[in-house]
Amino acid sequence: MSKQQKTAITPTRVDNFPEWYQQVIKAADMAENAPVRGCMIIKPYGYAVWENMQRVFDDRIKAEGVQNAYFPLLIPLEFISREAEHVDGFAKECAVVTHHRLEKGEKGLQPAESAKLEEPYVIRPTSETIIGDAMSRWIQSYRDLPLKLNQWANVMRWEMRTRMFLRTSEFLWQEGHNAFETAEEAREDALKMLRVYADFAENTLAMPVIVGEKTEDERFPGADATYTIEAMMQDGKALQAGTSHDLGQNFARSMGIRFQGRDGSEAYAHTTSWGISTRLIGGMIMTHGDDDGMIMPPKVAPIHVAIIPVLREDSDAAQILDYCERLSLRLKELGLRVQLDTSDRRTPDKMWDAVKKGVPLRVEIGGREVEAESLTCVRRDLGRESKANYSLEDFTGKVQMLLDEVQAELLRRAKAFRDSRIRDVSSLAEVKALYIEESAAQGAQNGFACADVSILSDPGFEALCKEFSLTPRCLPFEDKGRKVLIGKAY
RNA sequence: CGGGGCAUGGCUUAGUCUGGUAGAGCGCUCGCUUUGGGAGCGAGAGAUCGCAGGUUCGAAUCCUGCUGCCCCGACCA
């Protein structure tokens, strides 16, 4: 029946990936566009994902000795202008606050000329400068080091083109800022935080990543080195999923982060900064989602188990609901996030709702289950074929294992997909051939090309990149800097 | 910021060329029948046609300006 094969999301991934992406977000009720250009409203179901990410990651960095703090949204213009490369990098996308009062004008409210700020403020695009300024006061001796700070905050970058979660003018993130006595410590820290990111992406979000270093062109403005985790989306494009920067003494010099060393001499600190953002939610959608909508990795899923009472005319509704309540309670006691759908919608609608939201396990309870003290469970990642019956006892004993299996399966799948789309190439011509072939193919889904780093200095490289919208994604650590990964990117 | 497209109830849109005062589907509300992978019938609510000017007896429709959104590039978490 064609009706049964119908996908919940139109269009499908193959038909139109960008549109599919938007529709998944809408169908799962995660976010919507805001009345402000380039900004989004993160709805409760989407925000719950972010909260789960925050919880896991916050615990993780505290284990690394990082302390949370909060710095202002507004940054004195003069701070931003201190680090030359930083200015170049961010000046063109800064929102600026110039007035502090509104007054009635000819066209309604307008900024009051009399309330113009002598020095405008910049809405933070990132906080290296204002945190550096604080550090310059807080750090006086080598005994004050290392200093490891993090803030969960919103930042604003006036982007030309925005996409929900992936690139919005305002986004939520964590930005960590660490200061050290020596260059080695800073470098090691930047690398360590990258490993923390990689571990978080793979083991919490089930998103396989390639760890590596950015080429000079792709580096953070003001950094000596930028390290990155790169993920591949289901359309073969790369997503920079997190970055960690070794800032050397660049910001220490421009913000005056000095300390007296062990030998009594004065020195500049060595700093790092590292961030992941709500972009990761978009990454998860494009990594795990299918043509029926989202598939949530259990570790960050807002709902682990959706319980759907199947009420029919011939069934005892009160008895079924009571049974559902008891099950819900038992699962909650196991520490699971459970949703019992008691809305008065039709059963099939409730089921599709759980499917589109990507709830890892869907449990159906009707008269049959109540009678047999059992339940019917379907795994979102495997679809209706995985429908299975469990006794209540059996299920409560196995449910965590089932969730772990979903988590593992999502990672396995994503890894297999990615690995099948990385091709070794040995020349510019081969890169070109690869992307010509790919773009000619029906429903072309590109991937990464892996080439010797010498390709970067090939005279034709830049033109080729431009022709196919390619960028060097990173120099993977596993190739010890000898190879470069190339691909289209978000 | 360049190139292309679009703007009409909550959503998708017809109507625009050839001006005559807005129609549908989905969703929503109510009722009945339904409910194990997206139900059916009936009744109802809901639109100053993106904004501001202009032409006209009359503008969703024609003209000018503006704004926003989407897609493709350049830039970026």
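Sequence lines set the chain letters: A, B, ... in the order given, protein chains first and strands last, and positions in each chain run from 1.
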In whole angstrom, give the distance that lies between atom [atom1] of [X] and atom [atom2] of [N].
| X | N | atom1 | atom2 | value |
| --- | --- | --- | --- | --- |
| D291(A) | G38(B) | CG | C1' | 16 Å |
| Y323(A) | G36(B) | OH | P | 20 Å |
| I285(A) | A77(B) | CD1 | P | 20 Å |
| W352(A) | G27(B) | CH2 | C1' | 18 Å |
| M233(A) | A77(B) | CE | C1' | 13 Å |
| R163(A) | A77(B) | CZ | P | 17 Å |
| F90(A) | C75(B) | CZ | C1' | 12 Å |

Does [X] reach a base, just sugar-phosphate, or nothing at all? Heavy atoms under 4.0 Å.
| X | result |
| --- | --- |
| S469(A) | sugar-phosphate |
| L166(A) | base |
| E19(A) | nothing |

Notebook entry, point to check: Can D394(A) and K398(A) be counted as an ion pair, charged N to O under 4.0 angstrom?
Noted result: yes
Next item on the list: Please measure how far the C1' atom in G3(B) lies from the corresponding atom in A74(B), and state the result in whole Å.
Entry: 12 Å
Note to self: For the C1' atoms, the ones on G65(B) and on U21(B), what distance do you get once it is rounded to whole angstrom?
What the structure shows: 25 Å
Base partner of [N], which must satisfy Watson-Crick or wobble distances under 3.5 Å:
| N | result |
| --- | --- |
| G2(B) | C72(B) |
| U55(B) | none |
| C11(B) | G25(B) |
| U18(B) | none |
| C66(B) | G50(B) |
| C30(B) | G42(B) |
| U61(B) | none |

Note to self: So, OP1 or OP2 of A77(B): does either fall under 4.0 Å of a side-chain N or O from T243(A)?
What the structure shows: no
Notebook entry, point to check: Got a donor-acceptor pair under 3.5 Å from the side chain of R346(A) to the base of U34(B)?
Noted result: yes
Note to self: At less than 3.5 Å, do the side-chain atoms of R167(A) and the base atoms of C76(B) form a donor-acceptor pair?
What the structure shows: yes
Note to self: Give the residues of residues 357-374 of chain A touching RNA chain B, defined as any heavy atom closer than 4.0 Å, sorted by residue number.
What the structure shows: R362(A), E364(A), G366(A), G367(A), R368(A), E369(A)
Check: So which pairs with a foot in residues 17-30 of chain A pass side chain to side chain donor-acceptor pair (under 3.5 Å), sequence neighbours left out?
Finding: E19(A)-Q23(A), D29(A)-K43(A)
Notebook entry, point to check: Given side chains that start at C-beta, do those of S328(A) and Q339(A) come closer than 4.5 Å, heavy atoms only?
Noted result: no
Margin query: Let's go through H86(A) and F251(A) carefully: what are the C-alpha distance in whole Å and the side-chain angles of both, what is the deciding distance for ring pair (Phe, Tyr, Trp, His ring centres under 6.0 Å) to 0.1 Å, and is it a yes or a no?
Written below: CA-CA 9 Å; H86(A) 203 57; F251(A) 283 89; 4.9 Å; yes
